[in-house]
Visitor: 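Encoded as structure tokens, here's the structure I'll be asking about.
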Amino acid sequence: DQQVKQNSPSLSVQEGRISILNCDYTNSMFDYFLWYKKYPAEGPTFLISISSIKDKNEDGRFTVFLNKSAKHLSLHIVPSQPGDSAVYFCAASALGYQLIWGAGTKLIIKP
Amino acid sequence: GAGVSQSPSNKVTEKGKDVELRCDPISGHTALYWYRQRLGQGLEFLIYFQGNSAPDKSGLPSDRFSAERTGESVSTLTIQRTQQEDSAVYLCASSLDARVYEQYFGPGTRLTVT
């Protein structure tokens with residue numbers, strides 16, 4: 001039973017354009033959501049997060065949107081840069097410490 | 001270094017052997033987590049340590065898996081009688097405490113069971 005789903009295994013975007021990564025969840029008890037970025041042979045690194053009391057959080061080129069009624073969140077990267085090529089994981093928490101992770105989306109930024 | 005470190009980075013072992021994986025968390029971080037990532041999948045929670053509290057072992061897949069942590073420092077994950085399905089990347093993460101959702105990860109140990 002996948003509580004956090006990232007339905008696109010990969011996404012290819014032109015450099016300078018917007019990248020939109022999507023994540024769906026099923027557990028209405030989730031109250032905090034995070035996005036992590038992972039390069040090959042490295043551990044995931046924290047990117048941006050959002051609490052369920054908000055519907056948007058912005059940090060530089062990265063914005064996360066949360067639609068609680070649809071149980072959907074998305075990460076927008078504008079403008080996309082070559083260094084953004086990585087695997088992006090969505091994670092959610094309902095218990096405060098245990099994170100439930102999606103399978104990841106591989107983002108490829110084309111020059 | 002200031003980050004989470006793990007050793008070894010790669011481990012190849014024969015089926016049936018025991019392996020021990022090590023994690024050094026960020027100094028001052030009281031919470032420590034172990035995850036497993038199989039190829040093409042998300043991170044699978046294994047075990048969680050918080051200070052001197054009893055660990056949350058709810059994610060350990062079988063009794064062949066165990067983990068220890070000495071105080072708020074080093075942790076070891078032990079897999080006994082390894083099986084081919086144990087092949088995965090094992091990731092360790094730490095966070096300031098249980099109330100902080102953002103976790104900092106080590107580079108992982110890639111375990112291959114032949």
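Quick note on labels: first sequence line is chain A, next is B, and so on, each numbered from 1. Quantities reported herein were computed from a predicted structural model and do not represent experimental measurements.
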Visitor: Using 4.0 Å as the upper bound for N to carboxylate O, is an ion pair formed by Arg64(B) and Asp86(B)?
Guide: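 Yes, Asp86(B) and Arg64(B) are salt-bridged.
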Visitor: Between Leu43(B) and chain A, which part of the residue has a heavy atom less than 4.5 Å away: side chain, backbone, both or neither?
Guide: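 Both parts, backbone and side chain.
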Visitor: Angle class for the Phe105(B)/Trp101(A) ring planes (parallel below 30°, perpendicular above 60°, tilted otherwise)?
Guide: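 If you compare the ring of Phe105(B) with that of Trp101(A), the planes turn out perpendicular.
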Visitor: Any chance the side chains of His72(A) and Asp24(A) put a donor and an acceptor closer than 3.5 Å?
Guide: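 Looking only at side-chain atoms, Asp24(A) and His72(A) do form a donor-acceptor pair, the distance falling under 3.5 Å.
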Visitor: Just by distance, with hydrogens left out, do Gln3(A) and Asn27(A) show a side-chain donor and acceptor under 3.5 Å apart?
Guide: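 Per modelled atom types, Gln3(A) and Asn27(A) side chains form a pair under 3.5 Å.
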Visitor: Given that the side chain runs from C-beta out, which part of Ser9(B) has a heavy atom under 4.5 Å from chain A: side chain, backbone, both or neither?
Guide: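 No part of it gets close to chain A.
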Visitor: For Tyr104(B), which atoms come within 4.5 Å of any heavy atom of chain A: side chain, backbone, both, or neither?
Guide: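 Neither; nothing under 4.5 Å.
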Visitor: Tell me, do Ser75(B) and Trp34(B) make a side-chain contact under 4.5 Å, heavy atoms counted?
Guide: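 Yes, at least one pair of side-chain atoms sits under 4.5 Å.
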Visitor: When you compare the side chains of Tyr32(A) and Ser49(A), does any donor N or O come within less than 3.5 Å of an acceptor on the partner?
Guide: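 Distance-only check passes for Tyr32(A) and Ser49(A).
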Visitor: Flag the pair Asp84(A) and Arg61(A) as a salt bridge only when some basic side-chain nitrogen lies within less than 4.0 angstrom of an acidic carboxylate oxygen.
Guide: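 Result for this pair is yes, salt bridge flagged.
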Visitor: Where on Glu102(B) is there a heavy atom nearer than 4.5 Å to chain A: the side chain, the backbone, both, or neither?
Guide: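 Contact with chain A: backbone and side chain both.
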Visitor: Where does Leu99(A) contact chain B at under 4.5 Å (heavy atoms): side chain, backbone, both or neither?
Guide: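 Contact with chain B: backbone and side chain both.
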Visitor: Taking side chain as everything from C-beta outward and backbone as N, CA, C, O, which of these in Tyr36(A) sits under 4.5 Å from a heavy atom of chain B? Side chain, backbone, both or neither.
Guide: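 Side chain of Tyr36(A) only, per the 4.5 Å heavy-atom cut-off to chain B.
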Visitor: What part of Asp97(B) lies closer than 4.5 angstrom to a heavy atom of chain A: side chain, backbone, both or neither?
Guide: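 No part of it gets close to chain A.
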Visitor: Can you tell me which portion of Lys106(A) sits under 4.5 Å from chain B's heavy atoms? Options are side chain, backbone, both or neither.
Guide: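 Interface part for Lys106(A): neither.
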Visitor: Go through the atoms of Gln103(B) and report whether side chain, backbone, both or neither lie under 4.5 Å from a heavy atom of chain A.
Guide: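 Contact with chain A involves both backbone and side-chain atoms of Gln103(B).
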